[in-house]
Amino acid sequence: VLSDKSVITTVGADREDSVQAAIVNTILTVGATGAFGTGLWYSMGAKAGEEFFAGYLVEQSLSVDNLFVFLVLFDFFQVPEKNQNRVLKWGIIGAIVMRGFMVGLGLAALESFKVVLLGFAAILVFSSFKILQEFTTGEEEEEEDMSENKIVQFSKSLFDSTDFYDEDKFFTLVDGVKRATPLLICLVAVELSDVVFAVDSIPAVFGVTKVRI
């Protein structure tokens with residue numbers, strides 16, 4: 001969760017330092033993952049270590065799309081660069097909580113109903129088919145109008161929001177009434193997008209690891 005966002009968690013920094021800081025963040029998070037996986041390997045055996053690193057590589061591969069979606073959302077909501085880091089930091093916290101919940105729920109479902117694996121497999125097959133179809137037809141996907149995006153529309157419907165930013169605040173007062181700023185709407189859209197991506201990534205991780213039931 002940390003490493004797939006570390007590349008852009010410094011977008012709010014000075015431009016001269018942002019690339020260097022992003023590289024450092026990425027090295028630190030990947031290094032921490034490697035250290036944890038190595039510890040797991042020696043404490044629980046080679047198989048546990050192999051499964052951990054396999055799942056990590058799958059998540060890293062599937063996280064590339066996340067980065068582009070987040071950048072598109074920042075552009076659509078016209079989030080000031082100095083505030084983008086705040087959205088991503090809270091986005092990471094939310095992603096940890098939600099993905100932890102989804103992994104736990106998926107594991108509990110597998111322990112009770114092995115047929116759930118078929119549902120996970122169906123999700124992956126469908127996703128693979130869509131990608132293969134686009135590749136074989138050579139058709140380029142039309143650029144989506146983000147104002148018509150369901151996630152964006154749903155995020156906007158949750159709060160009575162303003163059309164202006166109040167520094168890095170998620171809420172502001174308008175005529176004595178507290179209203180959400182576009183920064184909060186963007187954060188909600190980022191979180192919901194991460195949940196959508198988890199629908200593919202979590203079954204993929206279960207697919208490359210042996211669930212002990």
Start with the C-alpha gap between L88 and F74, add the side-chain angles, then the distance that decides, and say whether side-chain contact (heavy atoms from CB on, under 4.5 Å) holds. CA-CA 10 Å; L88 289 173; F74 286 155; 3.8 Å; yes

Is F70 reachable from V97 through a run of I, L, V, M, F, W or Y residues, each pair having side-chain heavy atoms under 4.5 Å apart? no

For V79 and Q84, work out which heavy atoms get closest and say how close. O-NE2, 3.0 Å

Would you check if the side chain of R86 reaches a backbone N or O of D168 as a donor-acceptor pair within less than 3.5 Å? yes

What's the verdict on side-chain contact (heavy atoms from CB on, under 4.5 Å) for V188 and F159, showing C-alpha distance, side-chain angles and the deciding distance? CA-CA 10 Å; V188 173; F159 301 94; 3.9 Å; yes

According to the interplanar angle, ranging from 0 to 90°, do the rings of F53 and W41 count as parallel (below 30°), tilted (30 to 60°) or perpendicular (above 60°)? tilted

Run L184 and S161 through side-chain contact (heavy atoms from CB on, under 4.5 Å) and show every step you take. CA-CA 9 Å; L184 179 65; S161 61; over 6 Å; no

L28-I96 co-clustered via ILVMFWY side chain contacts under 4.5 Å: no

Nearest 0.5 angstrom please: L40 CG to E51 CD, how far? 9.5 Å

Quick one: CG on L192 to NZ on K150, what's the gap to the nearest 0.5 Å? 14.5 Å

Taking every non-hydrogen atom, the tightest pair across T181 and K169: OG1-O, 2.7 Å

So CG of N149 and CZ of F154: to nearest 0.5 Å the spacing works out to 12.5 Å

Using the rule given for side-chain contact (heavy atoms from CB on, under 4.5 Å), can you reason through V195 versus E191, listing the C-alpha separation, both sets of side-chain angles and the distance that settles it, and then say yes or no? CA-CA 6 Å; V195 171; E191 296 286 12; 5.8 Å; no

Residue among L73, L187, I92 satisfying side chain to side chain contact (heavy atoms under 4.5 Å, CB included) with V87: L187

Over all heavy atoms of both residues, which pair between E167 and N83 is shortest? Give the atoms and the distance, please. O-ND2, 2.8 Å

Between atom NZ of K178 and atom CG of L173, what is the distance when rounded to the nearest 0.5 Å? 7.0 Å

Heavy-atom pair of closest approach, residues P182 and F77: O-CD2, 4.2 Å

Do F52 and L57 belong together in a cluster built from hydrophobic side chains that touch within less than 4.5 Å? no

Let me check something: do L158 and F170 share a hydrophobic cluster, defined by ILVMFWY side-chain heavy atoms less than 4.5 Å apart, either directly or through other members? yes

Kindly compute the distance separating NZ (K156) from SG (C186), expressed to the nearest 0.5 Å. 11.0 Å

